[in-house]
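Data block below; observations after.
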There are 2 protein chains.
Amino acid sequence: MSKATVAQPRVSGRSPAARESRVRARRAAILRAAAAIMVRTGYHEMSMQAVAEAAGMSVGLIYQYFGNKQDVLRAVIVDILEEFRDEVPAAMLSAGDDPYAQLAQGFSRFCRVIDAKRDAVLLAYRESQTLDGAGREEIMRLERETIDPFRAAVQAGIDVGAFRPVPADLVAHNLKLAAHGWALKHWDLAPTRSLEEYVQEQLDLLLAALAL
Amino acid sequence: MSKATVAQPRVSGRSPAARESRVRARRAAILRAAAAIMVRTGYHEMSMQAVAEAAGMSVGLIYQYFGNKQDVLRAVIVDILEEFRDEVPAAMLSAGDDPYAQLAQGFSRFCRVIDAKRDAVLLAYRESQTLDGAGREEIMRLERETIDPFRAAVQAGIDVGAFRPVPADLVAHNLKLAAHGWALKHWDLAPTRSLEEYVQEQLDLLLAALAL
DNA sequence: ATTCATTGAATGATGGTTCATGAATCGGTA
DNA sequence: TACCGATTCATGAACCATCATTCAATGAAT
């Protein structure tokens, strides 16, 4: 005996709109399930069977929405990084013209988003090497896009004469690593300080380098 | 047909000293081979068969020296971190009494060692989550021991009145992340600057926060 | 009736770990 | 010296388990 016994009822009809919304929902369910499992166990320990169960569908269906397992990993990681890429620059825009305020605002938002997804950040660090060349390229691109506003703000401050001349890209890099650091070294940092304290202390330390 | 065909001639005799030296040599060969493979392919893609071949011995023999595959991983990572733990504090001791000079010396050495083992550092970041609880504890301990001299030097400078009062542990943390960052974000940093330039620029930025 | 979504057992490949087998070396003995 | 168990070192094929991926069969919608 074999083959399908109970097909899950389709969520909605066959119209293009219905189809598109079903595709979105399925993809989201898969990614949500996969992310939850990977955060707990890691990519290699995650079986597609487990993802299917957690997402409430069959294994075969996952392959309708993603080419293969690695493709799922890529989508999970990209999802996270896209949130950074969208949130951080937006926060800086809302901070007005002052480069210092922009940096403070952007860094603060960056840290907050990271704090909310600490596990996912660790996942991205751990598993991004599992991706193929194209996947890694995409990750690097997203990371660059996220922090370029930092670089630009520092450079603007220097040009205006508000900051000491320093390598703007390196300052941006340090802000990024400091934000990532809250997730990477949470075991070391969190026992001694809250997120808010961390943000303030780091802003004080890292932006002191910009003072004339 | 089956079972052993050609046993490799024993390197030396059965005396305690000979035994100990053989054990050391075997362990070293296994770790060298395993590290090389993992750096290229990652832990999960590394087969014990491949390690055995690269180390010039049989699979079974590896299990005489390590309990299992994860045990090999732990040993590889611990090896790297122990080098940091030994080198960094030593470099600071050789820098005399000035806290600033100590920090500069320690950070510089830290970065140099990391540069020499960039792949291994990435490996440690990627795979340390694969370890069990005890393994992760050991890693955290080694990391703490490595950078505690940074914290102590900063604190000493503050106490002496040479530095502005800042959270010493956070400065130490930032120096560590900046050193790790040379490996983690080499793709971003290296195109624009050499290791020496990176060290100088980072010292300038990070220690500016200490100026009165 | 046709088309598309969905199922899940079967396939095929991989690889960690064990262990029966054989070689090398030893201390003791004649 | 020459030989003999006993002991330790070393081998690698076989065992067993785990999955990623496929695809023929089935159900629902039109």
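All chains are named by letter (A, B, ...) in the order of the sequence lines, taking the proteins before the strands, and each is independently numbered beginning at 1. Below, all heavy atoms of this structure are taken into account, side chains as well, without hydrogens, waters or symmetry copies.
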- B:Tyr43 six-ring face occupied by B:Lys69 cation (under 6.0 Å, within 45°): yes
- Length of the line joining A:Gln49:CD and C:dT7:P, which is rounded to integer Å: 11 Å
- Item | C:dA5 phosphate, OP1 or OP2, under 4.0 Å from A:Arg19 side-chain N/O | yes
- Take atom CD of A:Gln64 and atom P of C:dC4, then tell me their distance rounded to the nearest Å. 11 Å
- Message: Checking contacts here: which listed nucleotide (D:dT11, D:dT21, C:dG16) is nearest the side-chain heavy atoms of B:Met48?
- Response: C:dG16
- Message: Closest-nucleotide mapping onto DNA chain D: is A:Leu61 or B:Ser58 further toward the 5' terminus? I mean the 5' end.
- Response: B:Ser58
- Global bending angle along the helix from C:dA1-D:dT30 to C:dA30-D:dT1, which compares the axes of five pairs at either end, to 10 degrees: 10°
- Message: What is the separation between atom CZ on B:Phe66 and atom P on C:dT18, rounded to the nearest whole Å?
- Response: 16 Å
- Item | Distance-only polar pair, side chains of B:Gln200 and B:Glu196, donor-acceptor under 3.5 Å | no
- Item | From C:dG15, C:dT17, D:dT21, nucleotide with atom closest to A:Tyr63 side chain | D:dT21
- Are any non-hydrogen side-chain atoms of A:Pro99 and A:Val154 less than 4.5 angstrom apart? no
- Query: Could you state the CD1-C1' distance from A:Ile62 to D:dC23, rounded to the nearest angstrom?
  - Reply: 16 Å
- Message: Taking the minimum atom-to-atom distance to the side chain of B:Lys69, which one of D:dA20, D:dG12, C:dG16 wins?
- Response: C:dG16
- Message: When you compare the side chain of B:Trp187 with that of A:Arg144, does any pair of heavy atoms fall below 4.5 Å?
- Response: yes
- Mind checking A:Tyr65 for me? I need base, sugar-phosphate or nothing, with any heavy atom below 4.0 Å counting as a touch. sugar-phosphate
- Task: Whole angstrom is fine here: how far is it from CD in A:Glu45 over to P in D:dC19?
- Result: 9 Å
Please produce a list of atom pairs where a protein N or O lies less than 3.5 Å from an N or O of nucleotides 16-18 of chain D.
none

- Query: Does B:Arg22 make a side-chain N or O approach to OP1 or OP2 of D:dC9 shorter than 4.0 Å?
  - Reply: yes
- Item | Donor on one side chain, acceptor on other, B:Asp169 and B:Gln155, under 3.5 Å | no
- Query: Can you check the A:Asn68 CG to D:dC19 C1' distance for me, whole Å?
  - Reply: 14 Å
- Query: Looking at side-chain heavy atoms only, is the closest gap between A:Leu73 and A:Met38 below 4.5 Å?
  - Reply: yes
- Message: Rounded to whole Å, please give me the gap between CD in B:Glu20 and P in D:dT8.
- Response: 17 Å
- Query: Would you call A:Lys185-B:Glu143 a salt bridge at under 4.0 Å N-O?
  - Reply: yes
- Message: Within the 3.5 Å criterion, strictly below it, is a donor on A:Ser108 or A:Gln105 matched to an acceptor on the partner's side chain?
- Response: no
- Student check: side-chain heavy atoms of A:Lys117 and A:Arg112 closer than 4.5 Å: no
